[in-house]
Structure formats: structure tokens, C-alpha cells
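One structure is given below, encoded as C-alpha cells.
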Amino acid sequence: MQSYYHHYGVDWDARQIEAMTRDLVNLDILADGQVVGVMRLSFDETSCMVRDLQVDPRQQNKGIGAQALSEAKRLAQAQNLQRLQLRVFTISPAARLYQRFGFTLSHRDERFDYMELSLTV
């Protein structure tokens with residue numbers, strides 16, 4: 001993630017990031033009993049926002065990200081929410097994961113693709 005911040009000329013301030021994520025639902029991602037990533041979620045009346053999803057690069061392409069998204073979907077559905085939302089850096093290869101999972105592009109700006117997945121039938 002830090003490399004994307006540098007790419008766009010945004011300062012990486014660990015204290016600021018910790019403060020911004022403190023009040024989110026912060027979930028460790030485990031594989032074989034080891035922490036291999038993190039997922040951070042926020043909720044409002046209609047949506048669950050995947051605020052951050054990071055998997056250790058050595059553990060990527062093993063289905064771990066998709067499993068984390070499945071858990072976010074399950075948590076959102078348990079609260080009868082209408083959609084999952086996220087934003088991803090436009091240069092991030094993670095966008096392919098989100099598309100395979102069913103997310104669609106809702107809009108884009110100079111840094112981010114904003115994507116969502118409808119949870120209503």
C-alpha cells in the first residue's frame with residue numbers, strides 16, 4: 001500500500017493511518033494460524049465499506065483475498081445491508097480480484113476506482 005501512496009505523492013504517515021483506522025472493524029487474516037493480512041470494514045445503514053484489504057505478498061494468489069471478501073459479504077448480509085463498497089488504487093492489480101468476486105465499477109477519479117457489489121436479489 002505504501003508504494004501506491006508514494007506513486008501518487010501522498011505522505012505515508014503511520015500515526016495518521018493508525019488514527020484513521022482505530023475506529024474501524026479491524027480483522028486479522030489468518031492462514032495456518034499465522035497473521036497474513038488485515039481487513040478493515042466500516043458500516044452505515046445500507047452498506048459495508050471494505051476500507052482496507054491487505055494480504056502479505058508471499059501469500060497472495062492463494063484465494064485468501066477472496067475468502068476475506070466472502071467474510072465481509074457474510075457480515076454485511078447478516079446486517080441486511082444492500083451492498084459492499086470499496087475503493088482501489090487505479091494502478092492496483094487487486095482490482096482484478098474484486099471484479100472476479102463480482103464488484104462492478106461505479107465511478108473513477110484520478111487515483112481510485114470506486115466499486116460495489118449488490119447484496120440484494
Side-chain angles (χ1 to χ4, degrees):
M1 183 84 68
Q2 189 172 6
S3 64
Y4 300 129
Y5 277 61
H6 288 301
H7 176 86
Y8 289 107
V10 178
D11 288 333
W12 179 269
D13 182 337
R15 285 178 291 168
Q16 182 181 11
I17 292 168
E18 192 279 326
M20 290 173 19
T21 60
R22 185 178 307 133
D23 294 329
L24 300 176
V25 175
N26 294 287
L27 304 168
D28 287 337
I29 299 171
L30 303 175
D32 298 323
Q34 300 294 315
V35 176
V36 298
V38 64
M39 181 168 62
R40 295 181 172 94
L41 307 172
S42 64
F43 298 87
D44 65 23
E45 303 81 32
T46 62
S47 303
C48 171
M49 177 74 148
V50 179
R51 303 289 300 268
D52 191 13
L53 175 56
Q54 295 184 48
V55 176
D56 183 312
R58 297 168 295 188
Q59 298 296 321
Q60 292 176 0
N61 300 308
K62 296 180 179 180
I64 295 170
Q67 290 176 344
L69 291 172
S70 291
E71 179 63 7
K73 181 178 177 181
R74 184 192 70 75
L75 292 169
Q77 288 174 320
Q79 294 185 38
N80 296 314
L81 301 178
Q82 298 172 2
R83 66 187 159 274
L84 275 178
Q85 297 177 306
L86 58 82
R87 70 179 185 182
V88 59
F89 283 104
T90 58
I91 62 171
S92 174
R96 290 189 305 275
L97 164 66
Y98 304 137
Q99 290 168 340
R100 283 193 314 268
F101 197 81
F103 282 86
T104 58
L105 182 67
S106 61
H107 63 285
R108 170 180 283 155
D109 65 25
E110 64 280 351
R111 290 185 191 165
F112 296 106
D113 288 346
Y114 296 81
M115 304 178 85
E116 63 180 47
L117 174 69
S118 176
L119 301 177
T120 59
V121 179

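We use all heavy atoms of the structure for the numbers below, so side chains are in, but hydrogens, waters and symmetry mates are not.
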Worksheet, complete the sentence: Across all chains, not counting sequence neighbours, the salt bridge (Lys or Arg N to Asp or Glu O under 4.0 Å) partners of R96 are none
Worksheet, complete the sentence: Hits for side chain to side chain donor-acceptor pair (under 3.5 Å) against R108, two or more places apart or cross-chain, chain-then-number order -> D113
Worksheet, complete the sentence: CD of E116 to CE of M49, rounded to nearest 0.5 Å, is 10.0 Å
Worksheet item: For the hydrophobic clusters of this structure (ILVMFWY residues joined by side-chain heavy atoms under 4.5 Å, transitively), does one cluster hold both L86 and L41?
Response: yes
Worksheet item: So, for C48 and F43, which heavy atoms are closest and what is the spacing to 0.1 Å?
Response: SG-CE2, 3.6 Å
Worksheet item: Which atom names give the shortest non-hydrogen contact between F101 and A66, and what distance separates them?
Response: CE1-O, 3.6 Å
Discussion item. Let's go through L24 and D52 carefully: what are the C-alpha distance in whole Å and the side-chain angles of both, what is the deciding distance for side-chain contact (heavy atoms from CB on, under 4.5 Å) to 0.1 Å, and is it a yes or a no?
Written reply: CA-CA 10 Å; L24 300 176; D52 191 13; over 6 Å; no
Worksheet item: Given Y98, which of L53, V50, L84, L117 fulfils the side-chain contact (heavy atoms from CB on, under 4.5 Å) condition?
Response: L53
Practice prompt. Specify the closest pair of heavy atoms between A76 and L119, including all atoms of both residues, with the distance to one decimal.
Written response: CB-CD1, 3.5 Å
Discussion item. R87: which residues meet the salt bridge (Lys or Arg N to Asp or Glu O under 4.0 Å) condition with it, sequence neighbours left out?
Written reply: none
Discussion item. If I compare all heavy atoms of S118 with all of R83, which pair ends up nearest, and what's the gap?
Written reply: CA-CB, 4.3 Å
Fill in: Within 6.0 angstrom of N61 CG, more than 12 heavy atoms from elsewhere
no
Discussion item. Using side-chain heavy atoms (C-beta onward) and a distance below 4.5 Å, is F103 in contact with L69?
Written reply: yes
Worksheet, complete the sentence: Checking Q54, Q59, R58 against D56 for side chain to side chain donor-acceptor pair (under 3.5 Å), the one that qualifies is R58
Practice prompt. Look only at the side chain of S106 and the backbone of Y114, and say whether a donor-acceptor pair between them is shorter than 3.5 Å.
Written response: yes
Worksheet item: Linking I/L/V/M/F/W/Y whenever any side-chain heavy atoms sit under 4.5 Å apart, do M39 and L75 land together?
Response: yes
Practice prompt. Would you check, one step at a time, whether the test side-chain contact (heavy atoms from CB on, under 4.5 Å) holds for I29 with L27?
Written response: CA-CA 6 Å; I29 299 171; L27 304 168; 5.9 Å; no
Discussion item. With clusters defined by side-chain heavy atoms of hydrophobic residues (ILVMFWY) lying less than 4.5 Å apart, directly or transitively, does V36 cluster with V38?
Written reply: no
Response to the item:
The reported gap from CD in Q82 to CG in D44 (rounded to nearest 0.5 angstrom) is 9.5 Å
